[in-house]
Amino acid sequence: MNFKKILVAVDASENSFRAVEYVGEIVGSSPGFEITLLMVFRPPSRDLFPDEAAYNARISEIKSNAEAFFKKAEKELEGKGVSSHSVASVCLDAVGTSIAQNILDFQQSGSYGTVVVGRRGVSKAEEFLFGSVSNKIVHYAKNCTIWVVE
Amino acid sequence: MAENVKELVKRYRPDLSLAQYGRVFTDTTSFMEIGYGDVISIGGLHYLVLRDEAERCYGIEDPKYWVKRCLVLETGERAILKLVFHESFDLELGNLKIRCYRSPEKEARILDLVRGDLRFMQGKSRHDSAGNVVRILEVISGKRLDQAVYEIEADHKTYFREHFPGILEKFMGSCEAIAFLHGHGELHGDIRRDHLWIEHRTGRYRWIDFDYTYDFAESPFGLDIFGLGSLLVFLAGKGIYRIQELEEMGFGDRFLDSLTNEDFSLLYVNRIVNLKKIFPYIPDSLNNVLLHFSQGAEVFYESVDEFLADLRPCLGHLMEAQK
């Protein structure tokens, strides 16, 4: 694994932006790094919406937030001295129920040596009920280094 | 011209007399306007509305205006009609608030999925004239499992030795039913003590009410699994135990002071789940399963299969103890 090949898992949240900021600080203008911002897109359940219009409006909102996040994150990295040629943004449609597993599959297939995630800090009860992407990544990742940014 | 309610009743149930004859509805959008004496015409049948269903919560009757108890005029059978009511609200589970959504479409889908599987309530869905997904449900003649357990006239030790093994065996069947839903990408969404019923005629355990849903999470079935765990704690204890109950049972200060946060539920922080401290004859294997739902838990069940894998040996231990 190439540890200079960094996969930053993002979800358009402030926590994941902190992860981007951290990566920018660490990498800066150092040569040889490759950074991929990965967002796994899982549309909300259609069951949550009374009609198609409300559902489609929400999907549009999520997509537009994602685009805005990528622009902001790329600008942040550039501002920290990271060359725009070494940054890629990828949006992936989720497969299965676990976003963490999608991220780890992407890490394996792309031979990323470093995975970076933001963490919002959840209580034990929240972890039981909802799970935690960052905790799962820490638990199941193999052959790579994990940076957890809180 | 369509028949009115009086004519329909006269035609199909001539022996029936109503205090009032209302209107015939084919569009159920305005469900608040539909009440006793009205008829809902859907799917080729006529459902005479007898009353709104209600849930009792903390001793208060909470009417569910979108759920109608009905008589099918053509067949004389009872049925429950759930009309479309999209709402979202914060469900309070212990100290947590969870955004919950009521989804008629989800319930209709699950009714299709579990058709013929009597571990679940049965029913079908039909669209009314306005396109609303109306769920037409069988009436389960039975009792809430928790009430039935609570009413067993035995002290805990006798209950645990003589009744609980059989209850646990059936409960595991109910857990397998939930695993079946999860295997098909569906969640029950509202696993509570009052949503598992015992059918009078067969003694079968049956899940009801599938219309709650939530936004996706990394562990999509965590809520259901926690619901099963809380139900197991209730069944193993033949009730809920808080400090107040323990005081009433005669446990002294020394015992109460020995309880730590780790002995209490992860979510309902005043309920004891380390039941072995109260009932020392509870086997370790079972108590260890209960402790997965405590504040002291370090490892959580991520699937019903994991939960059942730990629970199955407990049944063997209890059966052996019975011999």
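Just so we're on the same page: letters track the sequence lines, and every chain starts at 1.
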> With side chains defined as the heavy atoms from C-beta onward, is the minimum distance between A/Leu129 and B/Leu267 less than 4.5 Å?
yes
> Could you grab the distance from atom CD of B/Glu105 to atom CG of A/Leu48, nearest 0.5 Å is fine?
10.5 Å
> Please confirm whether the ring centroid of A/Phe128 lies under 6.0 Å from the ring centroid of B/Phe293.
yes
> Sequence neighbours excluded, which residues qualify as side chain to side chain donor-acceptor pair (under 3.5 Å) partners of B/Lys106?
none
> With only heavy atoms counted, which part of A/Ser132 is less than 4.5 Å from chain B, the side chain, the backbone, both or neither?
backbone
> So for atom OH, which belongs to B/Tyr65, do other residues, nucleotides or ligands contribute more than 12 heavy atoms lying within a distance under 6.0 Å?
no
> Where does B/Gln295 contact chain A at under 4.5 Å (heavy atoms): side chain, backbone, both or neither?
backbone
> First locate atom OG of A/Ser45, then atom OH of B/Tyr101, and finally report the distance between them rounded to the nearest 0.5 Å.
10.0 Å
> When rounded to the nearest 0.5 angstrom, what is the spacing between NE2 in B/His86 and CG in A/Asp47?
9.5 Å
> In terms of heavy-atom proximity below 4.5 Å to chain A, should B/Arg99 be classed as side chain, backbone, both, or neither?
neither
> Does a sphere of radius 6.0 Å around CG in A/Asp51 hold more than 12 heavy atoms from other residues, nucleotides or ligands, not counting ones at 6.0 Å or beyond?
yes
> Under the 3.5 angstrom rule, does the side chain of B/Glu218 hit a backbone N or O of A/Phe130 as a donor-acceptor pair?
no
> For the side chain of A/Lys124 and the backbone of B/Leu266, is there at least one donor-acceptor N/O pair under 3.5 Å apart?
no
> Under a 4.5 Å heavy-atom cutoff, which of B/Ile225, B/Val84, B/Leu96 has the most pairs with chain A?
B/Leu96
> To the nearest 0.5 angstrom, please state how far the NE2 atom of B/His182 sits from the OG1 atom of A/Thr97.
11.0 Å
> If you count heavy atoms of other groups shown closer than 6.0 angstrom to CD of B/Glu87, is the number above 12?
yes
> Would you say B/Lys64 has more than 12 foreign heavy atoms packed within less than 6.0 Å of its NZ?
yes
> If I compare all heavy atoms of A/Gly131 with all of B/Ser219, which pair ends up nearest, and what's the gap?
CA-OG, 3.2 Å
> Could you state the interatomic distance from CZ (A/Arg42) to CG (B/Asp215), rounded to the nearest 0.5 Å?
8.5 Å
